[in-house]
Amino acid sequence: MICRVEVSRLEWPRRYRDREWLDFVADMMASPLISWPHEQVARLLVDTFDAPASTYYSHAVGHRLEQRRWPPEHFVDHFDEAAHWAERHAPTEHPLLRYYLVTGDSHCMQVADVPSRFADDRVVAAWNERGRRWGGVQSQLSFPVLFSPSVHRAFIVGRTDSYSTEEMALAHRLRRLLIGLDRQISTFSRWAEQSGAPAVEVATCLRLTPRELAVLELLAQGLTASAIGRRLDIAVRTVQKHLSHTYGKLGVGDRLAAVQRAQQVGLLRGPWPTQYAVPVIGGPDPDGVK
């Protein structure tokens, strides 16, 4: 007996977009990234949420605000105005930023869900008018990937209508992927800067992935598998898998030997402080990793 399953036309784009995100994340995890692939992420966000435009924001204390908009042509008539407004007025006039700065929250949020005590009707109305003038992006949804006292990084996707409950649930899932990618980029960038070009060549020769290198660096700092998982926002089992692959590529069988071998071949600058790294690395791991 042959069963024929009818699939809604709406399911195919959704499945295609899910596959795009999975393929994208898999490619990025295997790529030696030291900066955000903001254009690729913005394009995927635009496609996923049927929006006309997306923006990447990055701001560190003491540095100018970095803004990357996609597609560039969508903002061409308002680029200077938008850049000036974001730099000078957004902290007090944008509903989302007012909410984040007051609460310290770092979850996904859309303008329509900002409580009135953080942005009253006047503030929201002013932003809506501005968003309409900038090409119909007033209904914005924010994906904070890093929100600390010194650094803010986020993607924003904007369109004319609010986001559904289902779309908000999807946004929260995607944000976790983006946070993991942000942490890998930061860790690998720091490792590459500290270790230098020769270390990058060694890593390439040994076929160590950026995620494996990130795990190795945190391992050398004395972190357990659980702590590494929390830092990179991945499961302990995933950390253990990366460690197993790293041990095999380095030709070692435990944590201490892995760090020592990595130092010998120039992957890690050493020696690491004995009082900090060795007792944790050499001792039993509560997560069951050697």
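Numbers here simply count residues along the sequence, with the first being 1.
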Would you call the rings of Trp134 and Trp85 parallel, tilted or perpendicular, where under 30° means parallel and over 60° means perpendicular? perpendicular

Give the ring-plane orientation class for Phe155 versus Tyr56, where under 30° counts as parallel, over 60° as perpendicular and anything between as tilted. tilted

Cluster link Ile228 to Val252, ILVMFWY, side chain under 4.5 Å: yes

Within a radius of less than 6.0 Å around CZ of Arg133, do more than 12 heavy atoms belonging to other residues, nucleotides or ligands occur? yes

Check the surroundings of atom CZ in Arg190: do more than 12 heavy atoms from other residues, nucleotides or ligands lie under 6.0 Å from it? yes

Let me check something: do Leu219 and Leu213 share a hydrophobic cluster, defined by ILVMFWY side-chain heavy atoms less than 4.5 Å apart, either directly or through other members? yes

Ala86 and Pro91: which non-hydrogen atoms are nearest, and at how many Å? O-CD, 4.1 Å

I'd like to know if Val124 and Met168 are part of one continuous hydrophobic network [Ile/Leu/Val/Met/Phe/Trp/Tyr, side-chain heavy atoms within less than 4.5 Å]. no

Ion pair present between Glu20 and Arg43, side-chain N to carboxylate O less than 4.0 angstrom? yes

Check whether any side-chain N or O of Ser244 sits under 3.5 Å from a backbone N or O of Gln240 as a donor-acceptor pair, and report yes or no. no

Let me check something: do Phe24 and Val145 share a hydrophobic cluster, defined by ILVMFWY side-chain heavy atoms less than 4.5 Å apart, either directly or through other members? yes

Using the rule that Ile, Leu, Val, Met, Phe, Trp and Tyr join whenever any side-chain heavy atoms are under 4.5 Å apart, tell me whether Phe143 and Val114 fall into a single cluster. no

Has Thr92 got a side-chain atom pairing as donor or acceptor with His89's backbone, closer than 3.5 angstrom? yes

Counting only heavy atoms not in Asp23, do more than 12 sit closer than 6.0 Å to its CG atom? yes

Is the Tyr99 to Phe118 ring centre distance short of 6.0 Å? yes

Using 0.5 Å steps for rounding, measure from the CZ atom of Arg130 to the NE2 atom of His78. 11.0 Å

Any donor-acceptor pair under 3.5 Å from His74 side chain to Gly135 backbone: yes

Could you please spell out the steps behind the side chain to side chain donor-acceptor pair (under 3.5 Å) verdict for Trp21 and Thr48? CA-CA 9 Å; Trp21 275 105; Thr48 300; 2.8 Å; yes

Of the non-hydrogen atoms in Ala258 and Tyr247, which two are nearest, and what is the gap between them? CB-CE2, 3.6 Å

I'd like to know if the side chain of Ser54 and the backbone of Ile156 have a donor-acceptor N/O pair within less than 3.5 Å. yes

Are any side-chain N or O atoms of Glu212 and backbone N or O atoms of Thr209, one a donor and one an acceptor, separated by less than 3.5 Å? yes

Side-chain donor or acceptor of Tyr163 paired with backbone N/O of Gln140 under 3.5 Å: no

Determine whether more than 12 heavy atoms belonging to other residues, nucleotides or ligands lie under 6.0 Å from atom CZ of Arg88. no

Arg183 atom CZ: more than 12 heavy-atom contacts under 6.0 Å: yes

Trp127 (side chain) donor-acceptor with Gln138 (main chain) under 3.5 angstrom: yes

Would you find more than 12 non-hydrogen atoms of other residues, nucleotides or ligands less than 6.0 Å from Glu193 atom CD? no

Determine, stepwise, if the pair Leu232 / Thr238 fulfils side chain to side chain contact (heavy atoms under 4.5 Å, CB included). CA-CA 10 Å; Leu232 296 177; Thr238 303; over 6 Å; no

Using a 6.0 Å cut-off, check whether atom CD of Glu39 has over 12 heavy atoms from anything other than its own residue. no

Do the side chains of Arg159 and Asp50 get close enough for a salt bridge, i.e. N-O under 4.0 angstrom? no

